[in-house]
Amino acid sequence: LRQRTKQQKMAGRGNFSNRLGFILAAAGSAVGLGNIWKFPFEVEAGGGAAFVLIYLIFCFLLCFPVMVTEIAIGRKTNKNAVGAFNALGYSKWNIIGKMGIVAGVVILSFYNVVAGWALGYFFEMAQGNFSVGKEFGSYVSNISTTGIYAVIFMALTAFVVSRGVSAGIEKGAKILMPTLIVMILGLLAYSLTLPNAMTGVKYYLIPEFGELNLKTIGGALRQSFFSLSLGMGTIITYGSYLSKKENIISSTVSVTLFDVGIAFLAGLMLFPLVAYSTGGDMSNIQGGAGLIFAALPSVFESLGAGLGSILGAFFFLLLSFAALTSTVSLLEVPVSYVVDEHKISRPKATAITAGVIFIAGLPSLVGNGYSEMFTSFVTYIGAEKPVGFMDFLGHLADCMLLLGGFLIVTFAGYVWKKENLNEEIAIGYEGYENSRVKIFIGFAVRYLCPALLGILFVMVV
Ligand code: TYR
């Protein structure tokens, strides 16, 4: 083991120092804008609680085996998303990792823009400027402001990634994740005391299955993969820094519960706030990208200038933290590839990659009102509304993640073989050989996940 650590050091690779470090970093990747910004508006678009239920089922049934497989492949090989497949001896399959790198670049390019909004809102709230909520549209179209925050956010991300795994990623996550939980619980407790709070809670928690359709199911599936950072090798990469002592199954359980828990709490906090701000009328709440950015500032305003400003700043700081641990993981995927495979130093690889991705994000930056062309970039076949560049990329990335997830389990089930997968899982898990989990994982990677993901992919894309 010691020799291996030494080898890794020489290869410029680090390691998470312990299980908690890995869990917090992986949970940090999973928990992000996807949970606090996207999940609530997906719930809204998907018709409320029925969406939540389907989402939970997907997370535990379909995503769970995918995450286990990704961690196992990463840990077995100690390699990045592309190198891992080469190291297993199936270099043709490294296309999964290559697609993952593209997906990472695509996601980070627009994600960084939204993260910049969150950071910008932090400063607005801190100054007591609550009117940004009502002026959300003009706020995001003003690229001289949002552009600066996007630059700052990408620089912060690059800073953490360039410091490497334990000094950067792990340390950041260890401070940011616990703070995040405390902040969410505090806001949740407050939001439940507001007038009409229960209307929001009911909307969120009582399913109306009449609302259930293919769009809801597809939305829930895409959200589950995006939210758990699956299907693009992020978790392979993080798994490659996980020690052999650790239990992959229980780590996956922790990361999944963490992610699902935070999304759930974020919704539980937000819908009462929305109900409060609409006076209990949930029939036409403003959904979409503006949901939290437009709805929350007026709620904070209602608390009075002092308290509102503190809580508001606190909330958007939280959102920025959550986003940062995710942008870090998104950048880590291409960076670890460049560092491992092209032998470029980590700081240099980070600077170049971050710069390229920032530039790739410019259309998303201007596609929120500033540039007409990118704001109504495509019209989906059958869609009522023109879709902006950012949503277009979001949809594209979601499809790549689902396809990636499908390929990863298929690879594990039929090419690498479940015996090898099980062997890796059994390290660090006493009693795995005779456990039910083993039966489930074997069944999942050969039948359940490939079949369901394959069918659903075709149906919802
Ligand atoms: N899971 C993150 C979120 O919910 C976003 C993300 C997606 C991060 C894919 C990494 C990744 O590989 O905000």
Side-chain angles (χ1 to χ4, degrees), residues 24-43 55 58-59 63 66-67 70-71 74 80-82 96-118 153 157 160-161 169 172-173 176-177 180 184 219-240 255-267 289 292 318-337 353 357 390 393-405 408:
L24 289 181
S29 166
V31 174
L33 295 170
N35 304 59
I36 304 170
W37 165 68
K38 201 160 173 277
F39 180 69
F41 80 71
E42 292 286 348
V43 172
Y55 166 79
F58 284 152
C59 284
C63 295
V66 178
M67 187 177 292
E70 285 204 34
I71 300 178
N80 62 83
V82 175
I96 298 176
K98 288 179 180 155
M99 190 173 73
I101 290 177
V102 175
V105 170
V106 168
I107 295 176
L108 185 52
S109 77
F110 71 84
Y111 198 96
N112 182 61
V113 172
V114 181
W117 299 347
F153 213 92
T157 306
V160 177
V161 171
I169 298 175
L176 300 180
M177 297 308 291
L180 181 80
I184 292 197
L221 183 65
R222 286 190 277 113
Q223 175 66 15
S224 65
F225 267 72
F226 182 83
S227 184
L228 287 164
S229 307
L230 292 175
M232 54 165 276
T234 299
I235 302 298
I236 295 182
T237 310
Y238 273 22
S240 76
V255 174
T256 307
L257 285 178
F258 219 119
D259 184 62
V260 169
I262 301 244
F264 184 77
L265 291 177
I292 65 166
L318 164 158
L319 191 60
S320 308
F321 280 174
L324 185 62
T325 49
S326 299
T327 53
V328 161
S329 74
L330 285 161
L331 186 59
E332 177 64 20
V333 175
V335 167
S336 66
Y337 166 72
T353 319
I357 298 177
M390 218 162 84
L393 285 189
H395 198 89
L396 179 72
D398 285 347
C399 295
M400 292 170 89
L401 299 188
L402 288 183
L403 183 60
I408 287 169

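Both counts, for ligands and for their atoms, begin at 1 and track the order of listing.
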(request) Name the closest protein heavy atom to atom 2 (C) of ligand 1, giving the residue it belongs to and the distance to 0.1 Å. (result) Ser29 O, 3.2 Å
(message) Quick check: Leu33 and ligand 1, any N/O pair under 3.5 Å apart?
(response) yes
(request) List the closest protein heavy-atom neighbour of atom 7 (C) of ligand 1: residue, atom name, distance to the nearest 0.1 Å. (result) Phe226 O, 3.4 Å
(request) Check whether any side-chain N or O of Asn35 sits under 3.5 Å from a backbone N or O of Asp259 as a donor-acceptor pair, and report yes or no. (result) yes
(request) Find the distance between CG (Leu180) and CG (Leu319) and round it off to the nearest 0.5 Å. (result) 9.0 Å
(message) Within the 3.5 Å criterion, strictly below it, is a donor on Ser229 or Thr234 matched to an acceptor on the partner's side chain?
(response) no
(request) Identify the protein heavy atom lying closest to atom 8 (C) of ligand 1, giving its residue, its atom name and the separation to 0.1 Å. (result) Ser229 OG, 3.3 Å
(message) Keeping Thr325 on the side-chain end and Ala25 on the backbone end, is there a donor-acceptor pair under 3.5 Å?
(response) no
(request) Would you mind running through ligand 1 and noting each atom that sits below 4.0 Å from a heavy atom of Gly34? (result) 3 (C), 4 (O), 13 (O)
(message) Has Ser326 got a side-chain atom pairing as donor or acceptor with Gly28's backbone, closer than 3.5 angstrom?
(response) yes
(message) Show me which atoms of ligand 1 lie under 4.0 Å from any heavy atom of Ser227.
(response) 1 (N), 4 (O)
(message) I need the contact type for Ala30 against ligand 1. Using non-hydrogen atoms and a strict under-4.0 Å cut-off, is it side chain, backbone, both or neither?
(response) backbone
(message) Counting only nitrogen or oxygen atoms and a 3.5 angstrom limit, does Met232 reach ligand 1?
(response) no
(request) Spell out, as yes or no, whether a donor-acceptor pair under 3.5 Å connects the side chain of Glu70 to the backbone of Gly231. (result) yes
(request) Measure the OG-CD1 distance between Ser240 and Ile71 for me, rounded to the nearest 0.5 Å. (result) 11.0 Å
(message) Quick check against the 3.5 Å criterion: does Tyr238 have a side-chain atom that pairs as donor or acceptor with the backbone of Glu332?
(response) no
(message) Heavy-atom contact check, 4.0 Å cutoff: does Tyr111 meet ligand 1?
(response) yes
(request) Taking only heavy atoms of Leu330 into account, list the atoms of ligand 1 that are under 4.0 Å away from them. (result) 8 (C), 9 (C), 10 (C), 11 (C), 12 (O)
(request) Output the list of atoms in ligand 1 that are nearer than 4.0 Å to some heavy atom of Thr234, sorted by atom number. (result) 11 (C), 12 (O)
(message) Taking distance alone, with N or O pairs closer than 3.5 Å, would you say Ser329 contacts ligand 1?
(response) no
(request) Could you establish whether Gly104 and ligand 1 come within less than 4.0 Å of each other, counting only heavy atoms on the residue side? (result) no
